[in-house]
Amino acid sequence: MTSMAFHYSPLARSAVRLTNRAFHVSPCKSRMPACVRSYSSYPGPTESSSDHKSRKKVTLTTLERTYRRQVPITVMTAHDYPSAVFVDKSGIDMCLVGDSLAMVALGYDNTNRITLDEMLHHCRAVARGSKHPFLVGDLPFGSYEASPSHALSSSIRMIREGHMEAVKLEGGVEMAETIHKITSVGIPVLGHVGLTPQRAAALGGFRVQGKTMEKAKKLIEDALAVQEAGAFAIVLEAVPEVVAKEITNSLKVPTIGIGAGAGCSGQVLVQLDMLGVYDKLMPKFCKLYAEVGKATIAGLEQYVQEVKNGSFPESGTHTYPMEKGEEEKFLKWISEEKRDCLK
Ligand SMILES: Nc1nc(=O)c2c([nH]1)NC[C@@H]1CN(c3ccc(C(=O)N[C@@H](CCC(=O)O)C(=O)O)cc3)CN21
Ligand SMILES: CC(C)C(=O)C(=O)O
């Protein structure tokens, strides 16, 4: 496709050049639920600060408006129902079922083992939990590289069987024809350039990309090709801050950075990393926002201790009574049975 060849020139950059400042978004008011059912000792879920009940569904139009207003787009991964509910409740704009789940949720050493069928299983669970964010499913390794039509059938499955609204795929200039094919039938595509983990072996591991002038130029060409092929946004993973900023300024679509600095139009992190759950790998770019892993182990250890010493479960609190008067009758019958047995 000759039309897909891009030659970057800093002078020919898009007119919609955005300055990426830190934008202050006023927090939504928090509201307690009017009525909390309490038929068990579990008090029920509480409302988060983003007041998810009154939230509108995020669509491509919403995302475009957010980008135009220069408000950073928030993206977070989810891989199952509870992690999707957390994303939904916290006011995140876009929920990504990333193939990093192969590592963080399934324990593989890289992302290439997971199949499309396995991804679809996780995507459906996420779709059940995340009702407001825009939903993107990652096309896993092997499900889109062979040909544009192979990629299109995988994308259709992602929408129909995975209940996602868009797909993400890794690659630059070489994937432009594929992205064009998918977007031309109305399936939104999120591009992904820079460190593309599915190609980690060829890249020599999970390495920062675009560290030399020549490699940075190639990244800009890749991003422009992905944009021109119809991607609605592009993930920039592990690229120097200055390069990510320049790519962002060159594009008419938002960039979603991960390890790419604050100059991007939005940010994404892997949920189990930023919550301090996954402990095998912690990329330099990841900030720890909670220590859920530590809290979980402390909770489990206390449970072990209390079961062993008999303080859990507590009678009356975690137990069920018989109907009124039935316990006495039952105990009396038991003692009579025992007496009969001893005869
Ligand atoms: N749990 C998890 N979090 C992720 O963010 C993530 C995955 N898994 N798996 C797929 C990719 C791989 N990612 C990674 C993993 C490690 C580094 C990392 O440690 N990079 C080194 C720099 C190496 C170099 O100099 O090139 C670093 O210091 O951050 C970066 C991205 C991001 N993705
Ligand atoms: C980190 C994001 C961008 C991703 O690709 C994933 O979670 O797989």
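Keep in mind the model is a prediction, meaning the values are calculated, not measured. Ligands are counted one by one from 1 in listed order, and the atoms in each one are counted from 1 as well. The basis for the numbers below is simple: all heavy atoms, side chains too, and nothing from hydrogens, waters or symmetry mates.
- The protein heavy atom nearest to atom 19 (O) of ligand 1 is Pro283 CA, 4.0 Å.
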Under 3.5 Å: N or O atoms of ligand 2 paired with protein N or O:
from	atom 1	to	atom 2	distance (Å)
ligand 2	5 (O)	Lys168	NZ	3.0
ligand 2	7 (O)	Ser100	OG	2.6
ligand 2	8 (O)	Asp99	N	3.1
ligand 2	8 (O)	Asp99	OD1	3.0
ligand 2	8 (O)	Ser100	N	2.9
ligand 2	8 (O)	Ser100	OG	3.4
ligand 2	8 (O)	Asp138	OD2	3.4

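- Screening residues 273-282 for side chain to side chain donor-acceptor pair (under 3.5 Å) gives no qualifying pairs among residues at least two apart or on separate chains.
- Of the N and O atoms on the side chains of Ser311 and Asn309, at least one donor lies less than 3.5 Å from an acceptor on the other residue.
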> side-chain contact (heavy atoms from CB on, under 4.5 Å) between Ser130 and Leu135: does it pass, once the steps are laid out?
Replying inline: CA-CA 8 Å; Ser130 231; Leu135 297 174; 3.9 Å; yes
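- At least one heavy atom of Glu237 sits less than 4.0 Å from an atom of ligand 1.
- Ranking protein heavy atoms by distance to atom 21 (C) of ligand 1, first place goes to Phe206 O, 4.3 Å.
- Listed by atom number, the atoms of ligand 1 under 4.0 Å from Pro197 heavy atoms are 10 (C), 11 (C).
- Heavy atoms from other residues, nucleotides or ligands lying under 6.0 Å from CZ of Phe86 number 12 at most.
- Remark: ligand 1 atoms within the under-4.0 Å shell around heavy atoms of Tyr278 are 1 (N).
- Between Arg199 and Glu174 a salt bridge is recorded (basic side-chain N to carboxylate O distance below 4.0 Å).
- The shortest N or O to N or O distance between Val208 and ligand 1 is under 3.5 Å.
- Applying the 4.0 Å criterion to heavy atoms of Asp273 picks out, from ligand 1, the atoms 1 (N), 2 (C), 3 (N), 4 (C), 5 (O).
- Set against the non-hydrogen atoms of Leu195, the atoms of ligand 1 under 4.0 Å away are 30 (C), 31 (C).
- Between the Gln209 side chain and the Leu195 main chain, no donor and acceptor come within less than 3.5 Å of each other.
- Contacts with ligand 1 closer than 4.0 Å are made by no heavy atom of Leu272, backbone or side chain.
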Expected list for residues 100-113: side-chain donor-acceptor pairs under 3.5 angstrom, two or more places apart:
from	atom 1	to	atom 2	distance (Å)
Asn110	OD1	Asn112	N	2.9
Asn112	ND2	Gln198	O	3.0

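- Aromatic ring pairs are classed by plane angle as parallel below 30°, tilted from 30° to 60° and perpendicular above 60°; the pair Phe134 and Phe232 is perpendicular.
- Counting the atoms of ligand 1 from 1 in the order shown, those under 4.0 Å from a heavy atom of Val270 are 3 (N), 4 (C), 5 (O).
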Could you list the donor-acceptor pairs under 3.5 angstrom formed between side-chain atoms of residues 291-299 and any protein atom two or more places apart in sequence or on another chain?
from	atom 1	to	atom 2	distance (Å)
Glu291	OE1	Lys294	NZ	3.2
Thr296	OG1	Val292	O	2.6

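- Ranking the protein heavy atoms by distance from atom 9 (N) of ligand 1 puts Met103 SD, 3.1 Å first.
- For ligand 1, the polar-atom distance check finds no N/O of Ser100 at less than 3.5 Å from any of the ligand's N/O atoms.
- Contacts between Leu269 and ligand 1 below 4.0 angstrom, taking non-hydrogen atoms only, are absent altogether.
- When only non-hydrogen protein atoms are considered, atom 25 (O) of ligand 1 lies nearest to Lys211 NZ, 3.8 Å.
- Note on Glu221 versus Lys218: no salt bridge recorded, every NZ/NE/NH1/NH2 to OD/OE distance being 4.0 Å or above.
- The cluster map of Ile, Leu, Val, Met, Phe, Trp and Tyr, joined by side-chain heavy atoms under 4.5 Å apart, puts Leu60 and Ile92 in the same cluster.
- Atom 28 (O) of ligand 1 has its closest protein heavy atom at Lys284 CB, 3.8 Å.
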